[in-house]
Amino acid sequence: MRKVSKKWLIGGAALAILLFIVFQNFGKTEVASETKTIKIVALGDSLTYGVGDPSKTGYIGIVKRNIQKQTGRNVIVNNFGISGQRSDQLLKQLENGVVLKALKQADHVFVFIGTNDFRHAAGWNFRQLPQQPLLLGKEKLRNNLSKTLTVVRENNSFAPVYVLGLYNPYFGKAYDPTASDSIQSWNEAIIEVSNESTLTKYISTYELYENVEKDMYFSDSLHPNRRGYNKLGNWVYSQWKPLNQE
């Protein structure tokens, strides 16, 4: 009987030690999961860079703040927005090793491109928009955005990608009344491309500045002010969710 008791005693002690080790490791895993830094890459033009925002953090800075508040985790943003950048120039930027390294490590990618494509195609004539050049410009954007998302996926297969649509800053008596239809047409192309890419979500921004007093939300004819970026950033954040964890 004493021999059996010793075996049970030894076995019980071993089990207790094993359970202790498992519990300790589980606790460490939970802590690591909660404290893991969230890495974001933001690609785009001046609207991503934050022109018009005194803090120069733009909409993505608001997204960062809200994600940190929700998750309790540190968020790092690599903001690669360049003022004036078009979709063809973004493609060229994606050849940069620094950008590609950040993409490979990203947990979320935000893409906001096409505003300068539209302006370039219009010849900066927003009083009377040239329809044929805008049609050609839309196809160029479609092709470049498709290639952009392909490059993103080639370098990162797991990060959700959020593609922002264009808003319409060309409203009022000084602008062509067809601007609204043109912007919506371009957004349809952006939606189509986004739907063709895996783990990619289109986020509409068109409705944000409809029927607003422009002086309240814009720093100039195109760029939002701090209030405008808050509106944009909070909206984008409300549409954000970890698509790869559904």
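As the structure is a computational prediction, the values presented were derived from the model and not from experiment. Values below: all heavy atoms of this structure, side chains included; hydrogens, waters and symmetry mates excluded.
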Under a 3.5 Å cutoff, is there a donor and acceptor pairing between the side chains of Lys104 and Asn156? no

Pair Gln70, Tyr237: side-chain N/O donor-acceptor within cut-off below 3.5 Å: yes

When you check the gap from the basic side-chain N to the acidic O, do Lys36 and Asp107 get nearer than 4.0 Å? yes

Just checking, is any N or O donor in the side chain of Thr205 or Tyr59 under 3.5 Å from an acceptor N or O on the other one? no

For Gly84 and Asn116, which heavy atoms make the closest approach, and how far apart are they? C-ND2, 3.2 Å

Taking all atoms of both residues into account, what is the closest heavy-atom pair of His223 and Leu47, and its distance? CD2-CD2, 3.8 Å

May I ask you to check whether over 12 heavy atoms, not counting those of Lys56, lie within 6.0 Å of atom NZ? yes

Answer yes or no: are there more than 12 heavy-atom neighbours, outside Gln239 itself, under 6.0 Å from its atom CD? yes

So, Asp117 versus His120: side-chain donor-acceptor pair below 3.5 Å or not? no

Give the intermediate values and the outcome of side-chain hydrogen bond (donor to acceptor under 3.5 Å, both in side chains) for residues Asn225 and Asp53. CA-CA 5 Å; Asn225 56 21; Asp53 175 12; over 6 Å; no

Just to verify, which of Val236, Thr48, Val161 counts as forming a side chain to side chain contact (heavy atoms under 4.5 Å, CB included) with Phe110? Val236

Which heavy atom of Tyr167 sits nearest a heavy atom of Pro224, and at what distance? OH-CD, 3.4 Å

Testing the 3.5 Å rule here: is there a donor-acceptor pair between the side chains of Ser55 and Arg226? yes

Given the ring of Tyr209, does Lys214 sit roughly above its face, with NZ or CZ under 6.0 Å from the centre of the six-membered ring and within 45° of the axis? no

Verify the distance criterion only: is there a donor paired with an acceptor across the side chains of Ser87 and Lys140 at less than 3.5 Å? no

Distance-only side-chain donor-acceptor flag, Gln68 / Thr71, under 3.5 Å: no

Neighbour count >12 (heavy atoms, 6.0 Å) for atom CD, Glu213: no

Test: ring-ring contact (aromatic ring centres under 6.0 Å, His included). Region: residues 126-154. Which pairs qualify, not counting sequence neighbours? Phe126-Tyr170

